[in-house]
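Take a look at the structure set out below.
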Amino acid sequence: MNAPLSPQTAPAATGYNFAYLDEQTKRMIRRALLKAVAIPGHQVPFAARDMPMPYGWGTGGIQVTAAILGSGDVLKVIDQGADDTTNAVSIRAFFQKTANVAVTTRTAEATVIQTRHRIPEKPLKAGQTLVFQVPIPEPLRFLEPRETETRVMHALADYGLMHVKLYEDIAKHGHIAKTYAYPVEVEGRYVMDPSPIPKFDNPKLSMSPALQLFGAGREKRIYALPPFTRVKSLDFEDHPFEPTRFEAPCALCGATDSYLDEVVTDDRGTRMFVCSDTDHCEERRADGHRGLLAGDDLVDTITREADVERDDGAPIVPLP
Amino acid sequence: MPMPIPISTPPLLEARGLTKFYGDRLGCRDVSFDIREGEVLAIVGESGSGKSTLLSLLSGQLPASAGEVLYRTRAGEIRDLAALSEAERRFLFRTDWGFVHQDAARGLRMGVSAGGNVGERLMAVGARSYGAIRAKAEDWLDRVEIDPTRIDEPPTAYSGGMRQRLQIARNLVTAPRLVFMDEPTGGLDVSVQARLLDLVRRLVADMGLAVIVVTHDLAVARLLSHRIMVMKQGRVIEEGLTDRVLDDPRAAYTQLLVSSILQP
């Protein structure tokens, strides 16, 4: 009885329902999803199940994915934009095993994309569904600790406090210092936490042709943005919302319009900036775009460094 | 502080037969009065006499066991407070009303800068220009005699008297018509009290505010109010113009209260 399970004794998917969750649970989650889609930005409570992984690893997103996944779907899972990090690999393997669905790393090919903390760079299209993993669904949580009170505030659209937070940021730092999980207002009504995506991604939330679903497992909340929902990042008239901008292009693919990760490359402070969306970066490189540190022509790059031009024609700023 | 009050205007707030029981225990019983713009009403009495209960009933924070509170809105309608929706009640609270607590920590956000504290109500009613909010906050800090250069400090860095003045600025920034004050000078030393009372008197006169101030301090009542209601064991035992009540108290309890003030 206590014999350790090996892959041989536990073959894929037997003993589980399709996509792990039982049908009644999926039905419950779909009801919550329908309500969430009907009231964009409104947090709908749902009876989140215990999943075979710890809270904080995407249990909310996985339950949403499990509830909407069909056998014909093509699944992509990203974690901070990357397809190859532990979280993404594990979740992808989980659904391959329990639902036997096709998986991909290509944004354009996926029908369901589960994501942690990013929206893919490639614009989404109608028919695609983006599932966000949400740690804290309540945008007012750190401003008002009482859940009873935040619910009333949402019900009455009493959001003055949210702007007090932004006011404080400007008073202290001269600008709104929030760079991720930047609060948004949905269709002029609900204030919503877009999950900890960088504010760089906020503009992509608005008027997206794709369906966007948000699942918070520990907090047991689901919310949604139906396609073509107007989403506005909160700001002041005289301090408008500004997405993050980067000084340098991606070191691998030369992209100047993507969100970059900082990678420390040695112990003397050398760093490189690369696209956080690995699929986007790979596709660009496959199309022949080259950044300053793209491995295959590194030598070439160094020799050309002085007069090399960026993709957009601007002169390159050498990395420190 | 005599000031003519036109009797012809309908009252801003009218209480009728207000009664509150906490189970078997009496909070207050059968309180009726009215108040007009520009008028300051003091409710005095010892601890446990039902003053704070009455204030909570009047401001709609507690449901009354019996009786009603009628309020004349800016639109001129007379509304029963108990019949207001939560949304309407909150809107009144952040536009037309102010509430100054005895403990400034209850009336302020202690983790937020003074400017944020003053600006909160403006932002709650839709102000979205940082510059305008900040200019208005600076103006109000100045009006309550706080150095506007301290606008970015949190109230924790302020003295007790400054906190109380900040609380007043935060409440008056939306130009309310009715302000409730619960022991506004409690816990302040005498010279600070005097300054605060001076300030309140000036603001009341400038803005034509109606103020209901609860206090156990007869000196505060005398300096601030036009009329006084004396409460004991949940009932109003004496009511009238401040000077009349304090100079010629009728009820035995009021005589006791008045005689217990130290005469300088």
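Sequence lines set the chain letters: A, B, ... in the order given, protein chains first and strands last, and positions in each chain run from 1. Remember, predicted model here, so these are calculated numbers, not experimental data.
Using a 4.5 Å cut-off between heavy atoms, B:Arg109 contacts chain A through its side chain alone, with no backbone atom that close. Only the side chain of B:Ile151 comes within less than 4.5 Å of a heavy atom in chain A; its backbone stays farther off.
Atom NZ of B:Lys20 sits in a crowded spot, with more than 12 heavy atoms from other residues, nucleotides or ligands closer than 6.0 Å. For A:Arg30, the CZ atom counts as densely surrounded, since its 6.0 Å shell holds more than 12 non-hydrogen atoms of other residues, nucleotides or ligands. Annotation: A:Lys35, atom NZ; neighbour count of heavy atoms from other residues, nucleotides and ligands within 6.0 Å does not exceed 12. For CZ of A:Arg189, the number of neighbouring non-hydrogen atoms (other residues, nucleotides, ligands) closer than 6.0 Å is greater than 12. The neighbour count for B:Arg202 CZ, taken as heavy atoms of other residues, nucleotides or ligands under 6.0 Å away, is above 12. A 6.0 Å sphere centred on NZ of A:Lys122 holds no more than 12 heavy atoms belonging to other residues, nucleotides or ligands.
Side-chain atoms of A:Glu168 come within 3.5 Å of backbone atoms of B:Ser113 as a donor-acceptor pair (strictly under, hydrogens ignored).
Note that CD1 of B:Ile133 is 8.0 Å distant from CG of A:Asp238, once rounded to the nearest 0.5 Å.
Ring-plane geometry between B:Tyr130 and A:Tyr167 is classed as tilted, the angle between the planes lying from 30 to 60 degrees on a 0 to 90 degree scale.
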**OP:** Begin from the C-alpha positions of A:Phe236 and B:Arg134 and carry the test side chain to side chain contact (heavy atoms under 4.5 Å, CB included) through to its verdict.
**Re:** CA-CA 12 Å; A:Phe236 285 100; B:Arg134 198 165 168 88; over 6 Å; no
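Across A:His163 and B:Arg128, no two heavy atoms sit closer than the pair CE1-NE, 3.1 Å. Between A:Ala171 and B:Asp152 the shortest heavy-atom distance is CB-OD1, 3.5 Å.
Heavy-atom proximity under 4.5 angstrom to chain A picks out B:Glu86, B:Ala87, B:Arg90, B:Arg94 from residues 77-99 of chain B.
For the set B:Gly119, B:Ala124, B:Ser129, the count of heavy-atom pairs under 4.5 angstrom toward chain A peaks at B:Ser129.
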